A.B. asks: 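The following block contains the structure, expressed as structure tokens.
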2 protein chains.
Amino acid sequence: MVTETSSRPTATTRRRILDAASREFADWGFAGARVDEIALRAGVNKALLYYHVGNKEALYASVLARNFDRVEGALADAMAGGGSAHDRLSAVIAAINEILRKHPDHPRIMLHEFASAGGNLEPEVLERMLTVLGAVAGILAYGVRYGEFRSTDPVMTHLTLIGASLVLNAIAPLRHRAAEISPEIRFPDDADVAGFLADLLLHGIASPRTGETT
Amino acid sequence: MVTETSSRPTATTRRRILDAASREFADWGFAGARVDEIALRAGVNKALLYYHVGNKEALYASVLARNFDRVEGALADAMAGGGSAHDRLSAVIAAINEILRKHPDHPRIMLHEFASAGGNLEPEVLERMLTVLGAVAGILAYGVRYGEFRSTDPVMTHLTLIGASLVLNAIAPLRHRAAEISPEIRFPDDADVAGFLADLLLHGIASPRTGETT
DNA sequence: GTCTATATACCGATAGAC
DNA sequence: GTCTATCGGTATATAGAC
């Protein structure tokens, strides 16, 4: 319908730019990332990149928005299923870690942000982080009410869960490098992260009354 | 004894440079940090900074070396005390988190490094990280042997402990910012981190036979 | 929508006076 | 040991042709 003069891979171009930017921001953080390098990685001209996404800050915001869209989508699916608090928390941990493993740029960017005290984080992103916190805290309270979980600080518990998930998923390449230095140590597989964390944390917050064994 | 022509705060100058560099690297990561800004923060001339520390990479290595000196010192003290595996792991968690809380630049820099897949990490630093891993893994094995702990993957357990400690200590300013957005949520105090983590993880790896309550 | 060329500012690092 | 001044390179961002 629209009278276009030239080629049309508009949506594709923007996606390619976001993919390349995501990787570059993960590699170097916001301040260390280079727009030239992003354009090079995306295979698009730098001026075209500016035409599509505005500037470096807007590009960063777009990458983060897409990442949180994915997390919230996976989280909504996990929250849809019912079951015990144990089952619900397991599902959330599995969903989060699956997304982080499939899109390793996300945990890496968030780690840069946590390190920088969220200096490049817009209030909107901060609110979306609090949404995730609210979901986990809800399950925790639910588990405490029905005697499945003992009472722990929900913010600390959530941050431990998120922090460990972020680090374990972001660190995969470093684990492989460490494995070369110390061949006698058995470094576990990336796919085991969710199962391990669910097991450890669920045991950690289990009510003393319940004698669980997974 | 030495015939000096001018002022003498040599050691102090170097320390001031390292302190300023530590903060700047924590704020922006290695790639994002600015040497001009470090000199400004340290209150020394940029040329003098180069005279003292060489270049940006050497400066970064010096900061990391000093940070790991502190961690290993605290760790050695914690390992000196005997007691049950439970007591030993508690002591290690307390020691690590006390250092991270007293020197918040360290967890922030390490988070940048983890995010960057250790791209700026010299092999020497990687080995020092493995030293800490070895200490924790030793306590874990000790606890399993004498029936205090159930058997968990030592690398995963260690990375969970370290990852959570890093994030919880690095994130303090962000927690305060989040507390302003959501006043209804009670964000815990920074000093509670070690106690919380020890409680959660010790419950998480406790042997099913032992019915512990802290 | 896509490119080349460039403005403008900044960064890491050094020369050389004192 | 400490400074001023500056080089050479690179960064973000834009103007303007097609």
Side-chain angles (χ1 to χ4, degrees), chain A residues 1-64 109 112 116 119-120 122, chain B residues 1-64 109 112 116 119-120 122:
Chain A
M1 292 308 158
V2 195
T3 34
E4 296 190 35
T5 327
S6 51
S7 48
R8 25 46 305 151
T10 304
T12 306
T13 298
R14 185 182 160 85
R15 220 191 100 201
R16 290 240 312 281
I17 292 173
L18 288 184
D19 287 341
S22 181
R23 175 69 78 89
E24 175 76 5
F25 286 131
D27 280 349
W28 305 107
F30 177 77
R34 305 295 131 177
V35 177
D36 289 83
E37 187 63 26
I38 293 172
L40 190 71
R41 282 180 166 178
V44 307
N45 188 277
K46 183 171 58 163
L48 183 59
L49 183 152
Y50 276 97
Y51 172 81
H52 274 282
V53 297
N55 59 17
K56 194 182 178 183
E57 284 190 22
L59 179 54
Y60 191 64
S62 297
V63 168
L64 280 177
I109 292 175
H112 278 297
S116 300
N120 307 302
E122 296 174 350
Chain B
M1 296 306 161
V2 197
T3 34
E4 294 190 35
T5 327
S6 50
S7 48
R8 17 69 284 170
T10 304
T12 305
T13 299
R14 187 183 159 83
R15 219 190 101 200
R16 290 240 312 280
I17 292 173
L18 288 183
D19 287 342
S22 182
R23 174 69 78 88
E24 174 77 3
F25 286 131
D27 280 349
W28 305 107
F30 177 78
R34 308 291 134 184
V35 178
D36 290 84
E37 186 64 25
I38 293 172
L40 190 71
R41 283 181 167 178
V44 306
N45 188 277
K46 183 170 61 162
L48 182 59
L49 182 151
Y50 276 97
Y51 171 82
H52 274 282
V53 297
N55 58 19
K56 193 181 177 183
E57 284 189 22
L59 179 54
Y60 191 64
S62 297
V63 169
L64 280 178
I109 292 175
H112 278 298
S116 301
N120 307 302
E122 295 173 352

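This structure is a prediction, so every number in the text was calculated from the model and none was measured. Chain letters run A, B, ... following the sequence lines, proteins first and then strands; every chain starts at 1. Only this structure's heavy atoms are used, side chains among them; waters, hydrogens and symmetry mates stay out.
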A.B. asks: Find the distance between CD (A/Glu37) and CZ (A/Arg23) and round it off to the nearest 0.5 Å.
C.D. replies: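 Reported to 0.5 Å precision, the distance equals 11.0 Å.
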A.B. asks: Given atom CG of B/Leu49 and atom C1' of C/dC11, what is their separation to the nearest angstrom?
C.D. replies: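 From B/Leu49 CG to C/dC11 C1': 14 Å.
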A.B. asks: Please enumerate all residues that pass side chain to side chain donor-acceptor pair (under 3.5 Å) together with B/Asn45, with sequence neighbours excluded.
C.D. replies: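 Partners of B/Asn45 under the side chain to side chain donor-acceptor pair (under 3.5 Å) test: none.
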A.B. asks: With the sugar-phosphate defined as primed atoms, P, OP1 and OP2, and the base as all remaining atoms, what B/S/- string results for nucleotides 11-18 of chain D, 5' to 3', for protein heavy atoms under 4.0 Å?
C.D. replies: SBBBB---
A.B. asks: Please report, rounded to the nearest Å, how far the C1' atom of C/dT2 is from the OH atom of A/Tyr51.
C.D. replies: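 Distance check: A/Tyr51 OH to C/dT2 C1' gives 9 Å.
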A.B. asks: Could you tell me which residues satisfy side chain to side chain donor-acceptor pair (under 3.5 Å) with A/Asp19, sequence neighbours excluded, listed by chain and number?
C.D. replies: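 In terms of side chain to side chain donor-acceptor pair (under 3.5 Å), with neighbours along the sequence ignored, A/Asp19 is linked to A/Arg66.
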A.B. asks: Can you tell me how far C1' of D/dG1 sits from NE2 of B/His52, to the nearest Å?
C.D. replies: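 About 6 Å, once rounded to whole Å.
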A.B. asks: Can you check the B/Trp28 CH2 to C/dC11 C1' distance for me, whole Å?
C.D. replies: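 So the two atoms are 15 Å apart, to the nearest Å.
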A.B. asks: Checking A/Tyr60 now: which residues fulfil ring-ring contact (aromatic ring centres under 6.0 Å, His included) with it, not counting sequence neighbours?
C.D. replies: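 A/Tyr60 satisfies ring-ring contact (aromatic ring centres under 6.0 Å, His included) with A/Phe25, A/Phe30 only.
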A.B. asks: Suppose the criterion is salt bridge (charged side-chain N to carboxylate O under 4.0 Å, His left out): which pairs have a residue in residues 43-53 of chain B, not counting sequence neighbours?
C.D. replies: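 Non-adjacent pairs meeting salt bridge (charged side-chain N to carboxylate O under 4.0 Å, His left out): B/Asp36-B/Lys46.
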A.B. asks: Which residues pass the side chain to side chain contact (heavy atoms under 4.5 Å, CB included) test with B/Ala20, sequence neighbours left out?
C.D. replies: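 Partners of B/Ala20 by the side chain to side chain contact (heavy atoms under 4.5 Å, CB included) criterion, ordered by chain and then number, come out as B/Ile38, B/Arg41, B/Ala42.
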A.B. asks: Can you tell me the distance, in whole Å, between the CZ atom of B/Arg16 and the C1' atom of D/dG1?
C.D. replies: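 Checked: the CZ to C1' distance equals 14 Å.
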